[in-house]
Amino acid sequence: MTSQKPLVAITGASSGIGEAVARAFSKAGHPVLLMARRRDRLEALGLPNAVIHQVDVRDRAAIAAAVADAEAKYGPVDMMFANAGIARLGDISRQPPEEWDEMIDINTKGMLNSVHAVMNGMIEREHGTLVMMSSIAGRKVYPDHTVYCGTKFFVHAISESLREYLAPHGVRVVVVSPGIIDTEVLDHVKDENTLANYKANKQAIGGGISADIVADLILNAYQQPQRAIVQEIVITPTRQQY
Ligand code: NDP
């Protein structure tokens, strides 16, 4: 089946910001390639013109295969939202190093794997947009987010280098740096003190904001003419100071 609007690929589309972006672009008429490990959650979205692949972003070949499959149906990926990520926040002196490994592998290498699957095609076509999920924690550090901050500073550095590299090819790189957004991201934090502090801070500022707000901003950035780039989207609750 063909569509007039280009194909959009999203990693981490099974919940939170990725899910909201999937819904927003689908509503805007785009076919969508939905990737995550929880296939049932991708299917439950029930989006039209959706290609669903159970993908772990640590598996470079699996992302490439998913992209090839979706492109065979809907044409080239014009936007990759490299969004999949985890936040194992915790006190660095007590945190099991396995949590560092997991964050580094998913948030940094997984993001690069997602870019790799589509970048050369975008260069050839001189068209396309890479949307890179960083965080406010990619702009400033927090003492109980040490390795998470490291992964998000990595995303910022890669994104700015890629933006300069891809600018002569007409390909856009947009960094997204949210503050506290209401998603499932904290469900896997095991450090009880860190989680309690985060929740107390969140409550004190009146809670997080909806993932739909982030999705609308990404859609708006994407919809600008290809020769205009929103280099970074920084979006936080108004009352979030840090
Ligand atoms: P969620 O936990 O709701 O979503 C995370 C998504 O990433 C899920 O769809 C999950 O799918 C996917 N994911 C995790 N690991 C993998 C993997 N190995 N392979 C493929 N998919 C994976 O949280 P958010 O929506 O909040 O998180 C999305 C991004 O936003 C993350 O990069 C996060 O760091 C970033 N962010 C979030 C903020 C917030 O306050 N919520 C603030 C700033 C940045 P599945 O488990 O099915 O694989």
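First listed ligand is number 1; within each ligand, the first listed atom is number 1.
- No more than 12 heavy atoms of other residues, nucleotides or ligands shown are found within 6.0 angstrom of CZ on R60.
- Listed by chain and number, the residues in a ring pair (Phe, Tyr, Trp, His ring centres under 6.0 Å) with F25 are H30, Y222 (sequence neighbours excluded).
- For the residue pair S14 / E19, no side-chain donor-acceptor distance below 3.5 Å is found, with atom types taken as modelled.
- No side-chain donor-acceptor contact under 3.5 Å links S26 to the backbone of L47.
- Taking the six-membered ring where tryptophan is involved, the planes of H169 and Y165 are tilted, since the angle between them lies from 30° to 60°.
- Closer than 4.0 angstrom to ligand 1 lie heavy atoms from G12, A13, S14, S15, G16, I17, A36, R37, R38, V55, D56, V57, R58, N83, A84, G85, I86, I106, M133, S134, S135, Y148, K152, P178, G179, I180, I181, T183, E184, V185, Y198.
- Looking at E232 and H156, their side chains do bring a donor and an acceptor atom within 3.5 Å of each other.
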